[in-house]
2 protein chains.
Amino acid sequence: MEIRQRIGWNLRRLRAGREITQEDFATDSGFDRGYISGVERGVRNPSILVLERIATALGVDVVELLDARKANEFAEQRRGGM
Amino acid sequence: MEIRQRIGWNLRRLRAGREITQEDFATDSGFDRGYISGVERGVRNPSILVLERIATALGVDVVELLDARKANEFAEQRRGGM
DNA sequence: ATGTGACTAAAAGTCCGTG
DNA sequence: ACACGGACTTTTAGTCACA
């Protein structure tokens with residue numbers, strides 16, 4: 001899985017786990033909703049400082065956003081219909 | 001420690017461990033020599049795709065570049081005079 | 001509530017050089 | 001062999017309107 005998608009799925013996983021919308025998360029983290037959407041879909045190429053802001057807003061370490069196994073498992077669930 | 005410095009020290013640690021110069025590493029990874037220098041000094045804000053290219057050139061996972069403990073230990077050694 | 005395209009301002013990244 | 005700077009091109013950050 002491409003690294004941007006890995007990040008995207010992990011962000012989606014962590015955000016959804018908190019039952020918060022993209023819109024609310026965008027407000028919390030100080031980003032635009034469309035930008036967050038792009039990161040989750042893996043079409044953006046965020047800088048390390050952006051990733052840190054996102055991780056901080058989620059209350060996790062940046063490394064958590066790069067976890068390949070968790071990203072895969074979550075993607076499988078979603079693709080499988082959840 | 002700031003995240004860009006964390007990356008910088010880890011890059012320096014891994015590159016120096018291979019006994020390769022910034023110049024040669026720049027050639028290997030396809031980046032500019034001055035740019036690599038800036039990343040190691042923590043003054044650059046690389047994107048995730050750049051970090052992946054750097055990690056690949058080093059033969060490690062991106063997560064290795066974000067390891068706080070290893071970055072700290074290496075920085076201590078260096079600052080301490082090594 | 002989210003995906004998407006188009007857009008401008010800002011920053012990344014290159015290429016030249018210096019000490 | 002590395003730090004650092006200036007001028008330059010390319011990519012990202014960040015915003016918005018629409019579907």
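Chain identifiers are assigned alphabetically (A, B, ...) following the order of the sequence lines, protein sequences preceding nucleic acid strands; residue numbering begins at 1 within each chain.
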Check your understanding: Closest to the B/Gln22 side chain: C/dG3, C/dA1, D/dC2?
Key -> D/dC2

**Study point:** For DNA chain D, the residues among residues 3-18 of chain B that have a non-hydrogen atom under 4.0 Å from it
**Key:** B/Arg12, B/Arg15

Practice item. Select base, sugar-phosphate, or nothing to describe what A/Gly30 touches, counting heavy atoms under 4.0 Å on all strands. Key: nothing

**Study point:** Test: A/Arg53 cationic atom under 6.0 Å from A/Phe31 six-membered ring centre, within 45° of axis
**Key:** yes

Review point. Just wondering, more than 12 heavy atoms not from A/Glu19 lying within 6.0 Å of its CD?
Key: no

Review point. At under 4.0 Å between heavy atoms, what does A/Gly34 touch on the DNA or RNA strands: base, sugar-phosphate, or nothing?
Key: base

Review point. Are any side-chain N or O atoms of B/Arg41 and backbone N or O atoms of B/Ser37, one a donor and one an acceptor, separated by less than 3.5 Å?
Key: yes

Check your understanding: Can you check whether A/Arg33 has a side-chain N or O nearer than 4.0 Å to OP1 or OP2 of D/dA17?
Key -> no

Check your understanding: Out of C/dT14, D/dA1, D/dC16, which has the shortest distance to the side chain of B/Asp32?
Key -> C/dT14

Write down the protein N/O and nucleotide N/O pairs, taken from nucleotides 8-12 of chain D, whose separation is under 3.5 Å; answer none if there are no such pairs.
from: D/dT12; atom 1: OP1; to: A/Asn45; atom 2: ND2; distance (Å): 2.1
from: D/dT12; atom 1: O3'; to: A/Asn45; atom 2: O; distance (Å): 3.4

Check your understanding: Is a side-chain donor or acceptor of B/Arg18 paired with a backbone partner of B/Leu58 at a separation under 3.5 angstrom?
Key -> yes

Review point. Which nucleotide sits closest to the side chain of B/Phe31: D/dA3, C/dT14, D/dG14?
Key: C/dT14

Check your understanding: Would you say C/dG3 has OP1 or OP2 under 4.0 Å from some side-chain N or O of A/Ser37?
Key -> yes

Exercise for review: Could you tell me whether a side-chain N or O of A/Arg6 sits under 3.5 Å from a main-chain N or O of A/Leu66, the two making a donor and an acceptor?
Suggested key: yes

Point to revise | From D/dC16, C/dG3, D/dA1, nucleotide with atom closest to A/Arg41 side chain | key: C/dG3

Check your understanding: To the nearest 0.5 Å, how far apart are CD in A/Gln22 and CZ in A/Arg12?
Key -> 6.0 Å

